[in-house]
Amino acid sequence: MKEFDYRRAEGVSGALALHGADPQARFLGGGTNLVDLMKTGIERPSLLVDVRALPLDGIEATGDGGLRIGATATNSDTAAHPEVRRRYPALAQALLAGASGQLRNMATVGGNLLQRTRCGYFSDATGPCNKRVPGSGCPAFEGEHRNLAILGASEHCAATHPSDMAVALAAFDAVVAYETAEGPGEIPLADLYPPVGDTPHVETALPAGALITSVTLPPAPVAAASRYRKVRERASFAFAIGSVAAALEVRDGTVHDVRLAFGAVAPRPWRARTAEEALAGGPATAEAFAAAADAELAAAEPLPDNGYKVPLMRDLVVSVLTELAEEAGA
């Protein structure tokens, strides 16, 4: 591990000043991803600016009926918060599915959004990876890619985004707030992760040196009837090979509102808007759910060894939406 300096920030402005003074500085929250990458030489910061003690851990209702979650709130505290559980249960379920209790007690909401892919080629500092070393190549296409992307990838990278939490946030149109030396800003989660294209090393659309301060969930009555379902290769804590965040409101057997997002199938949380549009105003039946999933997955471009994700995601969508419809009395 490269030697580094450590400073504990005093206030948001102090954190930004420390970070801005060193182009190789990184903000440190829980460190559950960053420190691991430092140990393997993937991340090599010269300075860690510890933001864990900043007063950014509150979780509170907004005036319009939404919910604001501070960036340094832990995954455990967020998952256990009564308003999260009541208003956005899929978010609480996603957080609980994401890691062990020990990791959830350390990991922060802001850090969760910025965690980096678990693709084995990215994690191997001895080999090429376009995300790690732009222009060096992507061995995954000819190598191991069973758990990689089937949607939204490019010929330069097929890595998937690892966050469970971000999938639920994507389903509910979350907005990420941040601070920079020039002032505050915000960006919809849908725009936080740019398309891969030929720049897979550009992982977020945040301005340079930005510090995430909170995530806001707008009011969404449909979210109270939501669920997160994750499939993994072993029963113990592991990263997903496919996941779905879904919410459904049914009136007289008809879909009145629906939200769908997929995880572990794309370089970013994948909002399934084609499926949502196919379902809107239609019957809340398993056949309709399957047809909507097929419409979304028509854009899939699986590699030779990960085509199984297409029927996996189709079955997940049908299963979760059917359960929600039955609970709604449809």
J.: Out of curiosity, does V231 fall in the hydrophobic cluster containing V318 (side-chain heavy atoms, cut-off under 4.5 Å, transitive links)?
T.: yes
J.: Side chains of L48 and D5, heavy atoms from C-beta outward: is any pair under 4.5 Å?
T.: no
J.: Could you check S123 against R132 for side chain to side chain contact (heavy atoms under 4.5 Å, CB included), going step by step and ending with a plain yes or no?
T.: CA-CA 9 Å; S123 302; R132 190 166 26 78; over 6 Å; no
J.: Are more than 12 heavy atoms from other residues, nucleotides or ligands located less than 6.0 Å from atom CD of E186?
T.: no
J.: May I ask you to say whether R44 pairs ionically with E3, meaning some side-chain N is under 4.0 Å from a carboxylate O?
T.: no
J.: Are E323 and R227 close enough that some pair of their side-chain heavy atoms sits under 4.5 Å apart?
T.: yes
J.: If you measure from CG on N105 to CG on D77, what distance do you get to the nearest 0.5 Å?
T.: 8.0 Å
J.: State, to 0.1 Å, how close G135 and N130 come at their nearest heavy-atom pair, and which atoms those are.
T.: N-OD1, 3.2 Å
J.: May I have the step-by-step check of side chain to side chain contact (heavy atoms under 4.5 Å, CB included) for F239 and D164, ending in yes or no?
T.: CA-CA 8 Å; F239 291 98; D164 293 285; 5.6 Å; no
J.: Got more than 12 heavy atoms from elsewhere within 6.0 Å of CZ, R232?
T.: yes
J.: Only one of T62, V175, L169 clears side chain to side chain contact (heavy atoms under 4.5 Å, CB included) with L217; which?
T.: L169
J.: Which residues end up grouped with F27 if you chain together Ile, Leu, Val, Met, Phe, Trp and Tyr wherever their side-chain heavy atoms are less than 4.5 Å apart?
T.: V12, L16, L18, L47, V49, V51, L54, L56, L211
J.: I'd like to know if the side chain of N75 and the backbone of L95 have a donor-acceptor N/O pair within less than 3.5 Å.
T.: no
J.: Is D64 atom CG crowded by more than 12 heavy atoms from other residues, nucleotides or ligands, each under 6.0 Å away?
T.: yes
J.: Has the side chain of N112 got a donor or acceptor atom that lies under 3.5 Å from a matching backbone atom of T108?
T.: no
J.: So do the side chains of L37 and F122 get within less than 4.5 Å of each other, counting heavy atoms only?
T.: yes
J.: Where do A328 and V250 come nearest, in terms of heavy atoms and distance?
T.: CB-CB, 4.3 Å
J.: Measure the shortest side-chain to side-chain distance between Y121 and K131 over non-hydrogen atoms and say whether it is less than 4.5 angstrom.
T.: no
J.: Donor-acceptor pairs under 3.5 Å, side chain of residues 188-200 to any protein atom, not counting sequence neighbours: which ones?
T.:
from	atom 1	to	atom 2	distance (Å)
Y193	OH	L113	O	2.7

J.: Measure from the side-chain N and O atoms of K230 to the backbone N and O of A97, and report whether any donor-acceptor pair falls under 3.5 Å.
T.: yes
J.: For a quick test of your reading: what N or O donor-acceptor pairs under 3.5 Å do the side chains of residues 136-146 make, sequence neighbours left out?
T.:
from	atom 1	to	atom 2	distance (Å)
S136	OG	C129	N	2.9
S136	OG	C129	O	3.1
S136	OG	V133	O	2.7
E144	OE2	R146	N	3.0
H145	ND1	A140	O	2.9
H145	ND1	G143	O	3.1
H145	NE2	D305	N	3.1
R146	NE	E233	OE2	3.2

J.: Give a yes or no on whether the backbone of A295 and the side-chain of T274 come within a donor-acceptor separation of less than 3.5 Å.
T.: no
J.: Any idea which heavy atoms bring A149 and T160 closest together, and the distance?
T.: N-CG2, 3.4 Å
J.: Would you list the pairs meeting side-chain hydrogen bond (donor to acceptor under 3.5 Å, both in side chains) in which at least one residue belongs to residues 166-178, sequence neighbours left out?
T.: D173-R259, D173-R271
J.: Under a single-linkage definition using a 4.5 Å side-chain heavy-atom cutoff for Ile, Leu, Val, Met, Phe, Trp and Tyr, are F289 and V244 assigned to the same hydrophobic cluster?
T.: yes
J.: Is the CZ atom of R118 crowded by more than 12 outside heavy atoms at less than 6.0 Å?
T.: yes
J.: Give a yes or no on whether L260 and I150 share a hydrophobic cluster (residues Ile, Leu, Val, Met, Phe, Trp, Tyr; joining criterion: side-chain heavy atoms under 4.5 Å apart).
T.: yes
J.: Got a salt bridge between R273 and E296, using NZ or NE/NH1/NH2 to carboxylate O under 4.0 Å?
T.: no
J.: Is the closest side-chain heavy-atom distance between M165 and L91 below 4.5 Å?
T.: yes
J.: For residues V35 and I42: do they belong to one hydrophobic cluster (side chain heavy atoms under 4.5 Å, members Ile, Leu, Val, Met, Phe, Trp, Tyr)?
T.: no
J.: Starting from Y228 and following side-chain heavy-atom contacts under 4.5 Å between hydrophobic residues (I, L, V, M, F, W, Y), which residues can be reached?
T.: V167
J.: Given the rule that I, L, V, M, F, W and Y join up when any side-chain heavy atoms are under 4.5 Å apart, are L316 and L321 in one cluster?
T.: yes
J.: Measure across R85 and A80 and return the closest heavy-atom pair with its distance rounded to 0.1 Å.
T.: CD-O, 3.5 Å
J.: So which atom in A299 and which in L151 form the shortest heavy-atom distance, rounded to 0.1 Å?
T.: C-CD2, 3.7 Å
J.: So does A223 get a backbone contact from the side chain of S226, meaning a donor-acceptor N/O pair under 3.5 Å?
T.: yes
J.: Just by distance, do the side chain of T78 and the backbone of T74 share a donor-acceptor pair under 3.5 Å?
T.: yes
J.: Counting C-beta onward and ignoring hydrogens, is there a side-chain heavy-atom pair between T117 and H161 closer than 4.5 Å?
T.: no
J.: Can you list every ring-ring contact (aromatic ring centres under 6.0 Å, His included) pair that touches residues 51-103, not counting sequence neighbours?
T.: Y88-F172
J.: With a 3.5 Å distance limit and no angle check, can you tell me whether K39 reaches the backbone of M1 through a side-chain donor-acceptor pair?
T.: no
J.: Nearest 0.5 Å, what's the CD-CG distance between E301 and N306?
T.: 11.0 Å
J.: Kindly compute the distance separating CG (L28) from CZ (R7), expressed to the nearest 0.5 Å.
T.: 14.0 Å
J.: Okay, side chain of R104, backbone of A99: is any donor-acceptor separation there less than 3.5 Å?
T.: yes
J.: Checking the side chain of T72 only, and the main-chain atoms of D57 only, is there a donor and an acceptor separated by less than 3.5 Å?
T.: yes
J.: Run the numbers on T126 and D124 for side chain to side chain donor-acceptor pair (under 3.5 Å), then give the verdict.
T.: CA-CA 5 Å; T126 65; D124 180 6; 2.5 Å; yes
J.: Quick one: does H201's side chain have a donor or acceptor within less than 3.5 Å of a partner on P134's backbone?
T.: no
J.: Would you compute the distance between atom CE of M313 and atom CD1 of I241 and round it to the nearest 0.5 angstrom?
T.: 10.0 Å
J.: Kindly check if the number of other-residue, nucleotide or ligand heavy atoms within 6.0 Å of CD (E10) is above 12?
T.: no
J.: For R229 and S243, run side chain to side chain contact (heavy atoms under 4.5 Å, CB included): C-alpha distance rounded to whole Å, both residues' side-chain angles, the deciding distance at 0.1 Å, then the answer.
T.: CA-CA 6 Å; R229 181 71 51 77; S243 66; over 6 Å; no
J.: Are any non-hydrogen side-chain atoms of R116 and D36 less than 4.5 angstrom apart?
T.: no
J.: Write down the atom of G183, the atom of E179, and the distance for their closest heavy-atom approach.
T.: C-OE1, 3.7 Å
J.: Within a strict 4.5 Å, meaning less than it, do heavy atoms of the P302 and K309 side chains meet?
T.: no
